Amino acid sequence: MAASLSSVPKRLRMVEDFCCTSCLEQNLAESADIYCEKCLRFYCKKCVIHHNQLFTKHTTCGREDIQKWPVCKAVEDFLRKCEVHEEKTLTQFCHDHSQLCCSDCYGTIHSQCREVTQISELTNSQPSGLEGLSVELETVLGEINTLQISQEASIQSLQRTYNEHREVMIKQMCGNLNTYIDECDNNSVGTSGGNEQYLKEEMCRNVVSILNEFDNITGKELNEMKDEVISIKGSVTSSIHKCTSVHNDLSQFHEIVQKIGDNKELCLIANIKCKHIIQQALTLLGKSGKALNVQSITEHNVRIPSDKVVCDIRGICVLPDGQVLVVDWKNDNVKLLNQQYQVVSHWDVKAEPLDICLITPSEVAVAVNTSNIREVQFITVNQGKLVSGRKFQFQHKCTCITHHQGNLFVTSGQELYKYSLNGKLICRLYQDRSAALTVYKCAVSPTGDRLYITNWDNKLLTLARDGTLLATYTDPALPGLLEGLHVTPAGQVLVCGYRPHTVLQVGWEGQSKLATLATEEDGVRRPWSVCYSSTTSSIIVGQDRDDNTLVFRVE
């Protein structure tokens, strides 16, 4: 891992960090303006006059030719410094871990590694040119900046959603009060004194009742939504801080790369460190190209005594603390599993639950769909118990629900819709009415700029943020249905195939298969849902007509 550049002086912008050599010898700090290639010394405007009088034939380079200046000491010291043992200098490269290391690193971490090479020996065998790296840094910098702008816009949108919802609820309450008061005025016409007093008392009681209902029901709903907004804003803000940190690192390395020149060792070190920073940025952007490798597969029974039939796990989501929630469609319930994948609690749904997604670290949204009930139900996990909260209705079928930074994405089987947290329909992003289930499962990339859809025609679709179709992927080895779909925090796309029973990893571009993670030979039977747990580095697979949920340990 590349170290943060926060320790590098802000005045690393070259000229200021080049001090006049003659002035330094007199304990003075003066910025250099000239470099002499013959003397290998830097001079300020005053000292260069004396130099030029003594050495008329020496070639000098001014600021306009700063690319010819050697690397300043601050940059060289930083590049050569070990991130683990800051007092040590990097001298070796471990091929097993793709890491630079110092003598202490070798003694404590890499002594058993198969191949550790001196950096000086690598300079002849490894490419040291930084032109391509500079372009790559510039490209990733632009993408990180775009992501940061998008995240800041998400925070503003979240706050607007809550404010709009609150205003609607308050107007509705005021409307109820005004309507009731108008009715009372009409009914009081021509009444006697005694009846008028009774009507006033009755009106007061009913007004209090309306206000209490607002406090107990609408107020509770507003508080729930306010908590959601605060939690999501906190998560997005944390992500923005990560973007800022990586952006700063990329920016400073981008500047360093421009100034290293022909120093082969420094070029090699900078190349390796930059690659680590770029990989961090790509992971943050949800563009990790790393193929997952399954280490082991275990089965975990999720049946509970009250279940009437064999389990059918249609949806899975993982809480940040490692607890898992699964949706059992046939038994009409949502089950909470601990980190050992044992059922510790459940919540009975009045209708068939089809999918589930994470809203905040302790809250999920469950999609419910029958012929007459189409809604999303919010559930909070509180001390190992499932507590139902607010809900809202859909005007269409609901086959899948997923969430990203305050936006809910809902499929109907033939359409993909985008909703706000308060249930307001924002837009229809995609539609395909050519068959029954052309828009089945949906997942969103970590940055929200790509949407993925599976359908029952053996296709994985990749859409842009606005619903534009970017790519279509089909696998000849999977002629059957594509069911479960999930995107990991690093952008790795997981897909379940149904006949033959397979779990795949597809590239984040949605154009090619990276790995077949498991098949029927590994115990996969009718996989219907899939989810990744960052806490345990595991893939969890729910199955149709099977009490066992599979857990793949991956690296």
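Computed from a predicted structure; not experimentally measured.
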- Task: Decide if atom NZ of Lys459 counts as having more than 12 heavy atoms of other residues, nucleotides or ligands within a radius under 6.0 Å.
- Result: no
- Is it the case that more than 12 heavy atoms not belonging to Lys513 sit under 6.0 Å from its NZ atom? yes
- Query: Less than 4.0 Å between a side-chain N and a carboxylate O, is that true for Arg314 and Asp312?
  - Reply: yes
- Check side chain to side chain contact (heavy atoms under 4.5 Å, CB included) between Ser362 and all other residues, then give those that pass, not counting sequence neighbours. Thr360, Thr380
- Asp547 side chain to Cys311 main-chain N or O, any donor-acceptor pair under 3.5 Å? yes
- Query: Are Arg374 and Phe394 in a cation-pi setup, meaning NZ or CZ lies under 6.0 angstrom from the ring centre and within 45 degrees of the ring axis?
  - Reply: no
- Can you find a side-chain donor-acceptor pair between Asn163 and Gln159 that sits under 3.5 Å? yes
- Task: Identify, with sequence neighbours excluded, every residue that meets side chain to side chain donor-acceptor pair (under 3.5 Å) alongside Arg303.
- Result: none
- Message: I want to know whether Phe409 and His403 have ring centres closer than 6.0 Å.
- Response: no
- Is Asp307 reaching over with its side chain to a backbone N or O of Ile304, donor-acceptor style, under 3.5 angstrom? yes
- Task: Quick one: which residue pairs count as a ring-ring contact (aromatic ring centres under 6.0 Å, His included) with a foot in residues 286-310, not counting sequence neighbours?
- Result: His300-Tyr341
- Lys397 backbone acceptor or donor facing Ser412 side chain under 3.5 Å: no
- Item | Leu460 and its side-chain contact (heavy atoms from CB on, under 4.5 Å) partner, picked from Leu485, Thr472, Leu504, Thr474 | Leu485
- Is the closest basic N to carboxylate O distance between Glu221 and Lys391 below 4.0 Å? no
- Message: Given 3.5 Å as the limit, does a donor-acceptor pair link the side chain of His486 with the main chain of Cys317, or not?
- Response: no
- Message: As a test of understanding, state which of Tyr498, Trp456, Tyr452 forms a ring-ring contact (aromatic ring centres under 6.0 Å, His included) with Tyr440.
- Response: Trp456
- For Gln395, does the CD atom have more than 12 heavy-atom neighbours from other residues, nucleotides or ligands under 6.0 Å away? no
- Query: Would you say the side chains of Thr536 and Gln339 form a donor-acceptor pair under 3.5 Å?
  - Reply: no
- Here the pair of heavy atoms bringing Ala518 nearest to Val524 is CB-CG2, 3.7 Å
